[in-house]
Protein chains: 2
Amino acid sequence: MISFEHFQPQDGTPIYQQIILHIKRGIVSGSVMAGDALPSRRVLSTLLGVNPNTIQKAYHLLEEEHLIASHAGAKSYIVIDNETVARIRRQLMETELRGTVRALKQMGLSKEEATTIISSLWEEAPSSQT
Amino acid sequence: MISFEHFQPQDGTPIYQQIILHIKRGIVSGSVMAGDALPSRRVLSTLLGVNPNTIQKAYHLLEEEHLIASHAGAKSYIVIDNETVARIRRQLMETELRGTVRALKQMGLSKEEATTIISSLWEEAPSSQT
DNA sequence: TTAACTGTATTATATCACTAATACGGTTTG
DNA sequence: CAAACCGTATTAGTGATATAATACAGTTAA
């Protein structure tokens, strides 16, 4: 069962997008694998304190992207191969870092300053894998 | 006059927030200084192709944060001191990097992988100051 | 088998970001 | 002074996000 233990929603970005990101990052890190079952819509909505429709929207979009498979009545499962994992990895790196690098350069930082700051932030941030 | 030449809005985040960020990043980099005039609401809305009210919202929020001063009939101007610049700098670093570092760790990257990727992205991205 | 769970669908409501169309009064400049 | 700017305010409408309350049919397990 895919875990949402360390999922903490932050306002500003839609919750259904954050759920999608959470699962995709799990796929990239290897903690989410093919065959894994997802929490049911109702269970996860209760766990996160949001509406079931919000979960359904996230799962529906994941299914449209062919990352999960749903069959009416049964649970939904992760369906991915190695090629898909690589694609998701590239996709997340792109969206996550492109804007950050642009922002740092726009603030006048040098490449060295940027990597130094990120290194120092790496130490203090909470993590499942140091 | 503060330049919006290199400003290219990306959908997903509200335009008024992007305008605020653009100005704050300019302040941090030193390209936006105390006394600089801002484009009028109408001019900037035409330039960016958005509604004047959107610009007004951005400027109004900047004024509430005491970064600009507006007087009915005249242009709006940047009003900041060194202490304010330092505060904005800390604020932007915080919001920009904290989430990125969290995301990269959640994807299972090591500190070395992260800094390496950022270094390589630094080269290809467009910039006003290489 | 049947009860409990599952995915799926529908309709209604509220809020926010953004657009649109005006209007009013103060400032600047020729 | 007067025209051309400027900031400010109001009202109305649209689309996206999220909530709320149901309803129906398929799957699973005691």
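Lettering of chains follows the sequences in order, A, B, ..., and the numbering in each one begins at 1. Note that the structure is predicted; figures quoted are calculated from it, not measured.
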Write down the distance between CG (A/Asp11) and P (C/dT15), rounded to a whole number of angstrom. 17 Å

C/dA20 C1' sits how many Å from B/Arg41 CZ, rounded? 19 Å

Donor-acceptor contact below 3.5 Å, side chain A/Lys105 vs main chain B/Trp122: yes

Side-chain donor/acceptor of B/Gln56 to backbone N/O of B/Arg41, under 3.5 Å: no

Residues from [range] sitting under 4.0 Å of DNA chain C, heavy atoms only?
{"range": "residues 12-23 of chain A", "result": "none"}
{"range": "residues 42-57 of chain B", "result": "B/Arg42, B/Val50, B/Asn51, B/Asn53, B/Thr54, B/Lys57"}
{"range": "residues 65-73 of chain B", "result": "B/Ala72, B/Gly73"}

Joint hydrophobic cluster, B/Leu121 plus A/Ile117, side-chain heavy atoms closer than 4.5 Å: yes

Minimum heavy-atom separation for A/Tyr59 and A/Pro39, please, with both atom names.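 Looking at all heavy atoms of both residues, the shortest contact is OH-O, 2.9 Å.
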
Distance-only side-chain donor-acceptor flag, [X] / [Y], under 3.5 Å:
{"X": "B/Thr84", "Y": "B/Asp81", "value": "yes"}
{"X": "B/Ser110", "Y": "B/Glu113", "value": "yes"}
{"X": "A/Ser76", "Y": "A/Ser70", "value": "yes"}

How far does the helix from C/dT1-D/dA30 to C/dG30-D/dC1 bend, going by the axes of its first and last five pairs, to the nearest 10°? 20°

Give the first and the last nucleotide of DNA chain D, reading 5' to 3', that has any atom under 4.0 Å from a heavy atom of chain A.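 From 5' to 3', the first and last contacting nucleotides are D/dT17 to D/dT27.
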
When you compare the side chain of B/Met1 with that of B/Asp36, does any pair of heavy atoms fall below 4.5 Å? no

Apply the side chain to side chain contact (heavy atoms under 4.5 Å, CB included) test between B/Ile78 and each candidate in B/Leu67, B/Leu62, B/Ile23; give the one that qualifies. B/Ile23

DNA chain D: 5'-proximal contact among B/Ser40 and A/Ala74 (nearest heavy atom): B/Ser40

Here the ring pair (Phe, Tyr, Trp, His ring centres under 6.0 Å) pairs for residues 7-55 of chain B, sequence neighbours left out, are B/Phe4-B/Phe7, B/Phe4-B/His22, B/Phe7-B/His22

May I ask you to decide whether A/Arg25 forms a salt bridge with A/Glu96, counting only side-chain N to carboxylate O separations under 4.0 Å? yes

